[in-house]
There are 2 protein chains.
Amino acid sequence: MARSIATDLDEFDLKILRQVQVDNQTPQRVIAEKIGLSPPAVARRLQHLKDAGYIRNNIAVLNETAVGRPLTIIVHVATENERLDLLDAMKDRFNRCPQVQQCYYVTGEMDFILILNVRDMTEYNELTRTLFFEGGNVRSFRTCVSMENVKTYGPVPV
Amino acid sequence: MARSIATDLDEFDLKILRQVQVDNQTPQRVIAEKIGLSPPAVARRLQHLKDAGYIRNNIAVLNETAVGRPLTIIVHVATENERLDLLDAMKDRFNRCPQVQQCYYVTGEMDFILILNVRDMTEYNELTRTLFFEGGNVRSFRTCVSMENVKTYGPVPV
DNA sequence: CGTGAAAAATGTTTCGG
DNA sequence: CCGAAACATTTTTCACG
């Protein structure tokens with residue numbers, strides 16, 4: 001979990017980040033001429049941005065619908081007990097579950113917010129059993145079904 | 001918004017998807033030998049997967065903390081009125097806001113769930129003004145601050 | 001730190017099965 | 001559709017300003 005404040009990034013770095021965040025397959029040559037730098041300079045900066053942890057990873061974003069997981073479900077989970085080891089066990093459980101695409105530990109009445117990618121309601125029902133009922137330390141959970149994923153994986157403003 | 005059921009994907013395609021979803025900079029040669037195919041075959045399949053919409057895009061995932069947006073905030077928004085044009089206006093507003101990383105239109109009491117990347121609470125406070133108070137059609141909203149992003153950008157199970 | 005050119009690696013096209 | 005080989009592009013390296 002890096003913590004540095006974005007302070008050693010100049011305008012060139014920011015422009016590179018803005019670009020690769022939207023499309024990381026743009027040739028460095030193209031980025032270079034767009035921002036007025038040489039291709040090797042872009043390469044060096046990209047390498048640094050990755051090594052220094054500004055770029056966490058490079059991925060292909062799938063169309064969940066096309067790939068057979070058309071249902072996005074958002075679940076709010078309230079815990080029974082806030083003991084650290086129990087919380088860690090829950091985080092582990094959520095982390096390891098392939099259908100859990102995102103998991104946040106949050107302030108407020110609800111302790112976890114999960115975003116799931118599932119095939120259908122049947123799969124979700126089965127998941128609730130293993131994840132919440134049998135999993136332990138779950139006081140209650142509330143289910144929201146996404147009718148429309150208005151925005152997904154938007155770029156971080158830099 | 002693609003809709004096809006994942007039916008014309010064979011095991012090779014799935015293996016390719018599993019790989020690029022975690023790292024799309026793996027050389028096609030490496031993918032090829034991993035799954036027992038030739039590099040051109042992998043290239044052709046990747047091209048098809050993109051053209052056919054299975055792969056939505058290829059991006060670099062930034063470390064929001066390192067890049068100066070350390071705060072993840074999840075907001076639940078309830079609408080005043082469910083008229084279609086008003087809802088569309090809201091979607092537009094959320095979509096265009098750079099700090100809104102994700103936006104879901106959901107069933108239940110709360111109509112929108114937003115995930116924001118912001119610099120600090122001051123920025124969030126200002127955002128709430130333009131996004132919720134002045135934006136219109138917002139009955140109420142509830143704010144959750146993420147204390148830990150336990151899992152982000154998890155792969156879709158394929 | 002940028003440049004330019006050579007070298008290495010990667011990606012693409014062609015074409016015969 | 002695949003794979004092997006030719007081909008094109010991109011990335012990396014390096015000597016130099």
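In what follows, every heavy atom counts, from backbone to side chain, and hydrogens, waters and symmetry copies are set aside. A quick note: this is a predicted structure, and the numbers were derived from the prediction, not measured. We name chains A, B, ... by the order of the sequence lines, and we start the count at 1 in each one.
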List the residues meeting side-chain contact (heavy atoms from CB on, under 4.5 Å) with B:Arg129, not counting sequence neighbours, and say none if there are none.
B:Glu126, B:Glu134
B:Tyr104 meets the ring pair (Phe, Tyr, Trp, His ring centres under 6.0 Å) criterion, sequence neighbours left out, with none
B:Arg45 CZ to D:dC1 C1': how many Å, rounded?
8 Å
Could you pull out all residues at least two apart from A:Pro40 that satisfy side-chain contact (heavy atoms from CB on, under 4.5 Å)?
A:Ser38, A:Arg44
Sequence neighbours excluded, the answer for side-chain contact (heavy atoms from CB on, under 4.5 Å) partners of B:Pro39 is B:Arg29, B:Ala32
Kindly calculate the angle separating the two end axes of the helix from C:dC1-D:dG17 to C:dG17-D:dC1, each obtained from five base pairs, and round it to 10 degrees.
20°
Quick test of your reading: applying salt bridge (Lys or Arg N to Asp or Glu O under 4.0 Å), list the pairs with at least one residue in residues 71-81 of chain A, sequence neighbours left out, ordered by first then second residue.
none
Above 12 or not: heavy atoms from other molecules or residues under 6.0 Å from NZ of A:Lys151?
yes
Are any protein N/O atoms closer than 3.5 Å to N/O atoms in nucleotides 7-14 of chain C? If there are, list each pair with its distance.
residue	atom	partner	partner atom	Å
C:dG11	OP2	B:Gln28	N	2.8
C:dT12	OP2	B:Gln28	NE2	3.4

Nearest-Å distance for atom pair CD/C1', residues A:Glu33 and C:dG4:
16 Å
side-chain contact (heavy atoms from CB on, under 4.5 Å) partners for B:Val22, two or more places apart:
none
Can a side chain N or O of A:Ser38 be found less than 4.0 Å away from OP1 or OP2 on C:dG2?
no
Only pairs at least two apart or in different chains count here, so list each salt bridge (Lys or Arg N to Asp or Glu O under 4.0 Å) that has a residue in residues 58-79 of chain B.
A:Arg56-B:Glu64, B:Arg69-B:Glu123
